[in-house]
Amino acid sequence: GTSPEAWGLPHRLLVRLVDCFANWLKIGQETLQEIGSLPAPPMILMQPTDAEVRFKGIRAQRSFSTIRPSCDEVRAYFHREETLRYLIPDRAFSYTALDGRKSTVAPLRCIGKPSAKIRDHFMLKHNRPPHVTILCLVRDAAARLPGSIGTRADVCTLIRDSQFIVEDISDFQVNQVVSGALDRLHYELDPCVQFDRDRHLWVYLHGEREEEEFENDGTSSRKNWKRQGEMLERNLS
DNA sequence: AATACTCGCAAGGTTAACAG
DNA sequence: CTGTTAACCTTGCGAGTATT
């Protein structure tokens with residue numbers, strides 16, 4: 001029922017709650033509508049995805065980018081997708097990868113963090129949406145890898161497309177931050193990236209997923225997982 | 001020797017719980 | 001309601017290791 005008593009809440013709070021929910025629903029629907037009305041992605045996107053060609057000679061030169069920096073058209077299209085993505089951070093989202101295919105990124109767990117204050121970061125712009133972090137942007141970049149695979153340098157190239165990254169930053173600094181972020185991402189409980197030892201390449205794993213497949217919290221760290229395991233053991237004994 | 005991934009820890013800031 | 005404390009998350013950092 002909608003009576004305050006049924007929820008055990010004061011009427012005033014219940015009204016605010018309903019208000020919040022209505023707003024969330026409205027923004028979600030509007031954003032979904034905009035996503036639906038996005039034009040077709042620019043065909044310049046299609047870069048050669050033949051792994052043989054791309055990764056030839058990678059072993060010799062390790063930190064080598066196998067993709068060109070995006071042109072203005074591709075970057076502009078990505079900015080539109082990126083904006084929509086962070087309007088509905090609690091939903092899964094599909095980016096257009098450099099090979100033209102759709103690639104899904106996991107929902108951000110931002111439930112119960114409405115007041116999320118932006119934390120300053122030397123690589124991130126100050127006027128970004130509150131949920132944008134380095135981890136998100138590196139994940140987005142990895143999702144856009146052509147063929148869902150590439151070098152770390154490729155991820156560095158792609159993350160520079162983001163509208164939330166400051167332009168005036170050295171390759172070395174980007175490299176350092178991306179390295180740390182990939183490190184974090186790949187040992188999460190349900191990792192979105194994986195390092196292929198044999199080929200020395202990073203692989204993005206979530207590209208084919210549907211929204212429903214993200215229901216288990218994919219962003220929980222191994223630290224959490226460990227703690228949950230310990231709690232489970234305690235409960236069993 | 002140089003490079004890049006692995007692993008663990010700690011600083012700094014945030015959230016939640018709680019006593020007054 | 002407010003100040004304090006403890007737990008927690010993100011990020012930075014460095015030692016360790018493997019591959020070239």
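Letters go in sequence order (proteins before strands), and every chain restarts at 1.
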Without decimals, in angstroms, what is the distance between [X] [atom1] and [N] [atom2]?
{"X": "Asp183(A)", "N": "dA15(C)", "atom1": "CG", "atom2": "P", "result": "16 Å"}
{"X": "Gln176(A)", "N": "dC13(C)", "atom1": "CD", "atom2": "C1'", "result": "9 Å"}
{"X": "Phe122(A)", "N": "dT11(C)", "atom1": "CZ", "atom2": "C1'", "result": "10 Å"}
{"X": "Glu188(A)", "N": "dT6(B)", "atom1": "CD", "atom2": "C1'", "result": "16 Å"}
{"X": "Phe172(A)", "N": "dA4(B)", "atom1": "CZ", "atom2": "C1'", "result": "12 Å"}
{"X": "Asp198(A)", "N": "dA18(C)", "atom1": "CG", "atom2": "C1'", "result": "13 Å"}
{"X": "Asn175(A)", "N": "dA4(B)", "atom1": "CG", "atom2": "C1'", "result": "9 Å"}
{"X": "His121(A)", "N": "dC9(C)", "atom1": "NE2", "atom2": "C1'", "result": "14 Å"}

Quiz item: Quick one: are Tyr204(A) and Gln194(A) in side-chain contact, heavy atoms under 4.5 Å?
Solution: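 Answer no - side chains too far apart.
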Exercise. Please identify each residue that fulfils ring-ring contact (aromatic ring centres under 6.0 Å, His included) with Phe93(A), with sequence neighbours left out.
Key: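 Per chain and number, Phe93(A) pairs via ring-ring contact (aromatic ring centres under 6.0 Å, His included) with Tyr95(A).
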Quiz item: More than 12 non-hydrogen atoms from neighbouring residues, nucleotides or ligands closer than 6.0 Å to CZ on Phe172(A), yes or no?
Solution: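 Counting other residues, nucleotides and ligands, CZ of Phe172(A) stays at 12 neighbours or fewer.
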Of all the choices, [options], which nucleotide is nearest to the side chain of [X] once you look at every atom?
{"X": "Thr133(A)", "options": "dT6(B), dT11(C), dA4(B)", "result": "dT11(C)"}
{"X": "Ile134(A)", "options": "dT19(C), dC7(B), dT11(C)", "result": "dT11(C)"}
{"X": "Leu135(A)", "options": "dA4(B), dT10(C), dT6(B)", "result": "dT10(C)"}

Quiz item: Counting N and O atoms only, with roles assigned by atom type, does the side chain of His79(A) sit under 3.5 Å from a partner on the main chain of Asp161(A), one being a donor and the other an acceptor?
Solution: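 Side chain of His79(A) to backbone of Asp161(A), a donor-acceptor pair under 3.5 Å: yes, one is there.
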Quiz item: Which residue pairs pass the salt bridge (charged side-chain N to carboxylate O under 4.0 Å, His left out) test when at least one of the two sits in residues 172-181 of chain A, sequence neighbours left out?
Solution: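 Passing the test, one end in residues 172-181 of chain A: no pairs.
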Report yes if a side-chain nitrogen or oxygen of [X] is closer than 4.0 Å to either non-bridging phosphate oxygen (OP1 or OP2) of [N]; otherwise report no.
{"X": "His200(A)", "N": "dT3(B)", "answer": "no"}
{"X": "Trp202(A)", "N": "dC5(B)", "answer": "yes"}
{"X": "Arg197(A)", "N": "dT19(C)", "answer": "no"}

